[in-house]
Amino acid sequence: MSYMDEIKINVIIAERNYRLTVNKADEEKVMKAAEMLNERVKSYKQTYDYRDYQDLLSMICLQFATLNVKYETDAAYKDQYLEQKLDDISVLLSENIDSEVL
């Protein structure tokens, strides 16, 4: 990320303001992520007994981390499955090319 591609933005999460430097291309993603966090904080605040925002944010972090682990596991399985299918196709192609050459 070059200096020219960076911008400074203000993001509010759980009623706290954060000044961030982000890539211009990522600004919309960061703002959407902050919006998602704030929506989740609001939802958790209405649902659970909490002492402060740190408790809510900790629960939200755990939920997002769990989803991340699930997606990584799913992606690894799909990559392995795809690799096996590509190997199968490669073998079939090699067999057909070899039989046509003979």
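Residue numbers count from 1 along this sequence.
A distance of 15.0 Å separates CG of Leu37 from NZ of Lys42, quoted to the nearest 0.5 Å. Taken from CD1 in Ile89 to CG in Leu82, the straight-line distance is 8.5 Å, to the nearest 0.5 Å. Taken to the nearest 0.5 Å, the CG atom of Asn38 stands 12.5 Å off from the OG atom of Ser43. Between Met31 atom CE and Ile9 atom CD1 the span is 5.5 Å, to the nearest 0.5 Å. The structure places CZ of Arg16 at 9.5 Å from CG of Leu57, a figure rounded to the nearest 0.5 Å. Atoms CG and CD, on Leu20 and Glu6 in that order, are 12.0 Å from each other to the nearest 0.5 Å.
For Asp88 (side chain) and Val91 (main-chain N/O), no donor-acceptor pair under 3.5 Å exists by modelled atom type. Judged by distance alone, the side chain of Ser90 and the main-chain N or O of Leu86 form no donor-acceptor pair under 3.5 Å.
Linking Ile, Leu, Val, Met, Phe, Trp and Tyr whenever their side-chain heavy atoms come within less than 4.5 Å puts Phe64 and Tyr71 in one cluster. Cluster membership check: Ile60 shares its hydrophobic cluster with Leu67, using side-chain heavy-atom separations under 4.5 Å among Ile, Leu, Val, Met, Phe, Trp and Tyr. Both Val41 and Tyr48 are members of a single hydrophobic cluster when ILVMFWY side chains are connected at heavy-atom separations under 4.5 Å. Residues Ile13 and Leu62 do not share a hydrophobic cluster, clusters being chains of Ile/Leu/Val/Met/Phe/Trp/Tyr side chains in contact below 4.5 Å. Note on Val22 and Ile12: separate hydrophobic clusters, where clusters join Ile, Leu, Val, Met, Phe, Trp and Tyr whose side-chain heavy atoms are under 4.5 Å apart, directly or indirectly.
Considering only heavy atoms from C-beta on, Gln63 comes within 4.5 Å of Arg40 through its side chain. Within the 4.5 Å cutoff, no side-chain heavy atoms of Thr66 are placed close to those of Lys70. Using a 4.5 Å heavy-atom cutoff, the side chains of Tyr53 and Lys45 are in contact. A heavy-atom distance below 4.5 Å is not found between the side chains of Tyr18 and Asn10.
Surrounding CZ of Arg19 are more than 12 heavy atoms belonging to other residues, nucleotides or ligands, all under 6.0 Å away.
In summary, the side chains of Tyr44 and Glu39 do not present any donor paired with an acceptor at a separation below 3.5 Å, with no hydrogens or angles considered.
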